[in-house]
Amino acid sequence: METVSASSAHKMGVVALTLVTASNMMGSGVFMLPTNLAGVGYISLWGWLFTIIGVIAIALVFAKTSLLTPRNGGIVAYASDAFGPFIGFQTTVCYWISAWVGNVALLVAGVGYLSYFFPELTNPSFGCIAAIAILWGFVLLASFGARVAGRAQSFTASCMLLVVLGVGVIGWFWFDPHMFTQVYNGTGKSDSSAIMAAASIALWGFLGVESAVVSSGQVKDPERTVPKATVYGLLIASVCYVGSCSVIMGLVPHEELIHSAAPFADAARYMFGETAGNIASALSIIACFGSISGWLILQSEGPRAGAAQGLFPQFFADVNKNDVPMKSLIFTGVLMSIVLMMTASPNLAKQFEIIILMSVFASLLPYMYALISLPIIMVSKKLNRGRTFMFYSVMVVLGMVYSIFALLGSGSDSIFWGIVMMMITIPMFSFVAAGKSNKGEKVLYLK
């Protein structure tokens with residue numbers, strides 16, 4: 001009889017890792033997606049299809065890379081390995097911006113559902129003040145450390161699942177196909193432009209796909225388990241996303257849905273009445289706001305590691321007695337407040353869309369660098385032969401095509417500011433090089 005080691009017995013199998021993957025995907029950011037996709041029309045189903053295929057390809061590439069070169073820092077580290085310190089710096093900056101801009105979107109979504117009880121919050125000024133006040137309240141909570149900030153995470157995740165799965169499953173009994181097919185393409189642009197726009201918006205639901213790829217040391221038979229669990233977890237999240245968004249488009253009248261600040265609450269109201277709408281809104285508020293303090297700490301880990309490598313200013317690594325980089329949190333809190341003020345809009349759904357497209361653009365550049373890193377790493381390790389190399393090369397191509405597709409769909413404003421962000425990293429790297437030189441580290445990479 002084969003003996004199973006104690007250490008192996010505690011490692012995750014396909015089922016456990018699949019559940020981890022699915023839960024990592026299904027963040028509270030899903031709560032405003034139905035409104036944004038309703039504005040595109042039911043042609044957005046094509047956007048979902050392309051997004052699911054593209055994200056599966058991206059996740060498989062990241063999984064393979066993590067198995068070949070296990071590194072702290074994930075996709076940022078892979079870009080640095082393959083392309084050098086400047087690209088590593090640029091990727092770190094973009095990834096960091098994506099993280100805190102994404103948290104701004106959580107705040108906007110939370111205020112949107114809060115406006116279900118307090119309609120005054122639909123006023124841009126009041127909504128902005130409320131979001132900023134809530135933000136700094138959670139910054140204060142985060143200062144007490146990850147343990148305090150993370151205690152409510154499982155509860156808030158349960159609230160999110162209850163609302164999303166409740167509407168996404170039970171809502172089919174109220175689904176009206178005629179209402180769902182009322183608007184095919186509501187963008188006023190070509191079908192291809194509408195599909196690209198839908199793909200960019202849908203990608204928001206899968207940002208953080210790289211976090212689902214755990215290290216091989218935590219998994220049984222990682223070569224087989226990680227790719228399988230990644231695909232299964234993504235498919236579970238996809239069914240929940242597409243199901244809930246589609247149901248809501250067939251429950252809530254189109255003209256009402258495209259202006260809704262609380263689409264899941266409105267759907268519950270149409271299903272069971274006003275009380276159900278109130279409960280769904282309350283659970284959504286808990287899910288959105290309850291996860292913010294934990295995400296605030298997570299978003300500070302990237303620049304903290306960057307500061308340790310000399311890529312970010314040292315204050316990003318300075319921690320308080322609870323091991324929380326408070327200076328970093330305060331700095332990003334100021335930036336988040338500025339973004340909230342700059343994007344303030346009487347239409348909270350429109351504000352949410354602007355912010356998520358900013359976050360999507362900022363994340364796509366690190367994703368693209370990390371995708372191309374895999375064939376470069378495989379060639380350097382003499383693994384560029386056989387079916388495995390061909391399979392992952394095809395996945396890289398699919399991931400790149402989808403990334404470019406989503407990039408174009410993010411809109412001219414997002415592309416413009418994204419290019420500005422990339423250009424700013426060029427002179428910024430001179431300060432990084434100067435800091436390395438002062439420490440006696442190698443700056444020029446010449447033989």
Side-chain angles (χ1 to χ4, degrees), residues 27-39 100-143 152 156 159-160 163 201 204 248 252-253 255-269 274-296 299 329-359 413-414 417:
S28 52
V30 69
F31 283 118
M32 290 296 290
L33 285 182
T35 295
N36 300 119
L37 291 171
W100 61 258
V101 169
N103 282 337
V104 173
L106 283 183
L107 284 163
V108 173
V111 169
Y113 278 83
L114 202 58
S115 69
Y116 191 86
F117 298 110
F118 306 100
E120 300 83 7
L121 294 178
T122 56
N123 180 298
S125 299
F126 294 151
C128 181
I129 292 170
I132 291 173
I134 292 166
L135 164 64
W136 287 101
F138 280 108
V139 168
L140 179 62
L141 179 62
S143 69
T156 58
C159 293
M160 180 271 296
V163 175
I201 295 169
W204 164 254
I248 291 174
V252 183
E255 285 303 314
E256 181 181 343
L257 182 56
I258 60 175
H259 297 109
S260 173
F264 279 87
D266 287 335
R269 178 167 51 84
E274 208 66 41
T275 302
N278 292 341
I279 293 171
S281 189
L283 291 173
S284 303
I285 292 166
I286 293 169
C288 288
F289 289 150
S291 61
I292 288 177
S293 56
W295 281 111
L296 284 172
Q299 82 180 26
L329 280 180
I330 292 171
F331 181 72
T332 52
V334 171
L335 294 177
M336 291 168 74
S337 300
I338 291 171
V339 169
L340 283 166
M341 288 186 285
M342 288 176 61
T343 59
S345 165
N347 187 337
L348 284 168
K350 187 64 180 175
Q351 182 184 8
F352 181 81
E353 182 177 342
I354 292 169
I355 293 169
I356 65 170
L357 288 176
M358 289 168 60
S359 181
D413 288 344
S414 295
W417 289 110

Please output the side-chain donor-acceptor pairs of residues 257-268 that fall under 3.5 Å, not counting sequence neighbours, one pair per line with the distance.
| from | atom 1 | to | atom 2 | distance (Å) |
| --- | --- | --- | --- | --- |
| His259 | ND1 | Glu255 | O | 3.0 |
| Ser260 | OG | Ala262 | N | 3.1 |
| Ser260 | OG | Asp266 | OD2 | 2.6 |
| Asp266 | OD1 | Arg269 | NH2 | 3.1 |

Give every donor-acceptor pair under 3.5 Å between a side-chain atom in residues 329-340 and any protein atom, sequence neighbours left out.
| from | atom 1 | to | atom 2 | distance (Å) |
| --- | --- | --- | --- | --- |
| Thr332 | OG1 | Gln299 | NE2 | 3.1 |
| Thr332 | OG1 | Ser328 | O | 3.0 |
| Thr332 | OG1 | Leu329 | O | 3.1 |
| Ser337 | OG | Trp136 | NE1 | 3.1 |
| Ser337 | OG | Gly333 | O | 2.8 |

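Interatomic distance, CG of Asn103 versus CG of Leu135, reported as 9.0 Å (0.5 Å rounding). With rounding to the nearest 0.5 Å, the separation of CG in Leu114 from OG in Ser284 is 11.5 Å. Taking CD1 from Ile134 and CG from Leu106, the interatomic distance works out to 12.0 Å, rounded to the nearest 0.5 Å. Atom CG of residue Leu107 and atom CD1 of residue Ile132 lie 9.5 Å apart, to the nearest 0.5 angstrom. From Ile129, atom CD1 reaches atom CG of Leu121 across 10.0 Å, with rounding to the nearest 0.5 Å. Taken to the nearest 0.5 Å, the CG atom of Leu296 stands 11.5 Å off from the CG atom of Leu140.
The shortest distance between side-chain heavy atoms of Phe31 and Val163 falls below 4.5 Å.
Applying the side chain to side chain donor-acceptor pair (under 3.5 Å) test to residues at least two apart or on different chains, none of the pairs has a partner in residues 123-135. Pairs passing the side chain to side chain donor-acceptor pair (under 3.5 Å) check and including a residue from residues 104-115, sequence neighbours excluded, do not occur.
Annotation: side-chain contact (heavy atoms from CB on, under 4.5 Å) contacts of Phe117 (sequence neighbours excluded): Asn278, Ser281, Ala282, Ile285. Considering only residues two or more places apart in sequence or on other chains, Thr343 meets the side chain to side chain donor-acceptor pair (under 3.5 Å) condition with Gln351.
Pairing each heavy atom of Ala109 with each of Phe352, the nearest pair is CB-CE1, 4.0 Å. When all heavy atoms of Cys159 and Ile286 are compared, the closest pair comes out as SG-CG2, 3.8 Å. Contact record, Phe289 with Phe138: O-CZ, 3.1 Å, taken as the closest heavy-atom pair.
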